[in-house]
Amino acid sequence: MSPSARPEPGLRPAPRSRSLKARTNVWLRWVHTYTSMISLLVVLFFSLTGITLNHPDWVFGTKQTTKTVTGTLPAGWIRNREVNWLTVAEELRAQQGLKGRASEPRVDGQEASISFLSPGYSAETFIDTQTGGYKTTILAQGAVAVMNDLHKGRDTSSLWKWVIDLSAVFLTVISLTGLGILLYLKKTRVQALTVMGAGAVLTVLLAWQASR
C-alpha cells in the first residue's frame, strides 16, 4: 500500500451500512430475545398448568373443602320484591368473609340466590325472601385447581384476562421471530424446516385422530 493510500493516524474507516437482510436478522434476534425474557415466567406458568389440566386425576394440590354457613340479612335488603343486590353482596362478604365476583343474582318467589366466584372457589347463597335468612355453601379447592382456573381465565378479573391475551401475543411473536431467525441459518435451515414440517404434520394427524 502506497503512503498516499494509508488512512491518516487517528481516523477510522467509515462503517459499512448493513444490508436490509442483516438489519432484519438483527431485529428478529432482538425482538425474540426480549419478548422471551419478558414472558418467560408467564410462559412457564401456562406450560405447567397445561400439564395439570391434562391430568386432572393427579392428586397433589387438589385438596377440596366444603362448608355451609348461615345467617340473616339486615332489614331493608329487599322492598316490594326489589332486591338491593349491592347491599346483599356487601353484607355477605362482611358476615362470612366471602370473596370473588358476585354473579347470577336471581329472585324466584320466596327464594333469592347469588353466587360468588373466583379461581378455585365458589360460594352459593340461597336467601329466604320472607325472613332474610340465608344459607351459603362454600367450596374451596386446592392450589392446583386455582392455577388451572387461572390458566383458563375462569372466574377471573378483566386484568387477568388481559394477561392471558398478552401472553398469547408474546408467544406468537416468539414463534414468528424464532422462525424468522431459523431462515437465516444456512447450515441448519433445511434440516430444521424439515423437522418442523414433520412435527406440524404429526400434530395435525394426532389432532384429527383425537377429534374422531
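All values reported here derive from a predicted model rather than from experimental measurement.
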Drop me the distance from Thr131's OG1 to Asp128's CG, to the nearest 0.5 angstrom.
3.5 Å
Determine yes or no for a side-chain-to-main-chain donor-acceptor pair under 3.5 angstrom, with Lys161 supplying the side chain and Gly153 the backbone.
yes
Sort and list the pairs that fulfil ring-ring contact (aromatic ring centres under 6.0 Å, His included) and have at least one residue in residues 106-149, not counting sequence neighbours.
none
Could you give me the CA-CA distance, side-chain angles and deciding distance for Val69 and Gln95, then say whether side chain to side chain contact (heavy atoms under 4.5 Å, CB included) is met?
CA-CA 10 Å; Val69 295; Gln95 292 185 23; over 6 Å; no
Measuring from Gln191:CD to Leu193:CG, what's the distance to the nearest 0.5 Å?
9.0 Å
Same apolar cluster: Ile78 and Trp85, side chain cutoff 4.5 Å
yes
Could you tell me which non-hydrogen atom of Leu182 sits nearest to which non-hydrogen atom of Ala192, and how far apart they are?
CD1-CB, 3.1 Å
For Lys135, does the NZ atom sit with more than 12 other heavy atoms under 6.0 Å from it, leaving out its own atoms?
no
For Trp160 and Leu150, work out which heavy atoms get closest and say how close.
NE1-O, 2.7 Å
Is it possible for you to say whether Leu53 and Met147 belong to one hydrophobic cluster, with membership spreading through side-chain heavy-atom contacts below 4.5 Å?
no
Do you reckon Tyr34 sits in the same ILVMFWY cluster as Val173, going by side-chain contacts under 4.5 Å, direct or chained?
yes
Minimum-distance pair of heavy atoms, taken over all atoms of Thr70 and Gln96
O-NE2, 3.3 Å
Taking the side chain as C-beta and beyond, is there a heavy-atom pair between Phe170 and Val42 under 4.5 Å?
no
Are the side chains of Leu205 and Val201 in touch, meaning some heavy atoms are under 4.5 Å apart?
yes
May I ask you to decide if Ile174's main-chain N or O and His32's side chain share a donor-acceptor pair within less than 3.5 Å?
yes
Contacts of type side chain to side chain donor-acceptor pair (under 3.5 Å), residue Arg189, not counting sequence neighbours:
none
Residues Ser175, Leu179; criterion side chain to side chain contact (heavy atoms under 4.5 Å, CB included); working and verdict
CA-CA 6 Å; Ser175 299; Leu179 179 59; over 6 Å; no
Does any non-hydrogen side-chain atom of Leu139 lie less than 4.5 Å from one of Gln64?
yes
Interatomic distance, Thr49 atom OG1 to His151 atom NE2 [nearest 0.5 angstrom]
4.5 Å
State, yes or no, whether a side-chain contact exists between Phe46 and Leu41 at a heavy-atom distance under 4.5 Å.
no
Quick one: are Thr68 and Ile138 in side-chain contact, heavy atoms under 4.5 Å?
no
Side chain to side chain contact (heavy atoms under 4.5 Å, CB included) between Arg101 and Asp155: does it pass, once the steps are laid out?
CA-CA 7 Å; Arg101 175 176 53 88; Asp155 302 325; 3.4 Å; yes
One should read off an interatomic distance between Ile114 CD1 and Leu92 CG, to the nearest 0.5 angstrom, of 7.0 Å
Could you check whether any side-chain N or O of Gln110 sits under 3.5 Å from a backbone N or O of Ile127, counting only pairs where one atom can act as donor and the other as acceptor?
no
To the nearest 0.5 Å, what is the distance between CZ on Arg154 and CG on Leu117?
8.5 Å
Between CG of Asn84 and CG of Leu73, what distance do you get to the nearest 0.5 Å?
10.5 Å
Should we count CH2 of Trp30 as having more than 12 external heavy atoms under 6.0 Å?
no
Kindly indicate, with the supporting measurements, whether the criterion side chain to side chain contact (heavy atoms under 4.5 Å, CB included) is fulfilled by Asp149 and Val146.
CA-CA 5 Å; Asp149 281 352; Val146 173; 6.0 Å; no
Whether Arg93 side chain and Gly100 backbone form a donor-acceptor pair below 3.5 Å:
yes
Is it true that a side-chain atom of Thr136 and a backbone atom of Thr125 form a donor plus acceptor pair closer than 3.5 Å?
no
Work out which heavy atom in Ser118 is nearest to a heavy atom in Lys99; give both atom names and the distance.
OG-CE, 3.9 Å
Show your reasoning for whether side-chain hydrogen bond (donor to acceptor under 3.5 Å, both in side chains) applies to Glu124 and Ser115.
CA-CA 5 Å; Glu124 302 285 342; Ser115 301; 2.6 Å; yes
Joint cluster assignment, Leu176 & Ile181, ILVMFWY side-chain distance < 4.5 Å:
no
Phe45-Trp162 co-clustered via ILVMFWY side chain contacts under 4.5 Å:
no
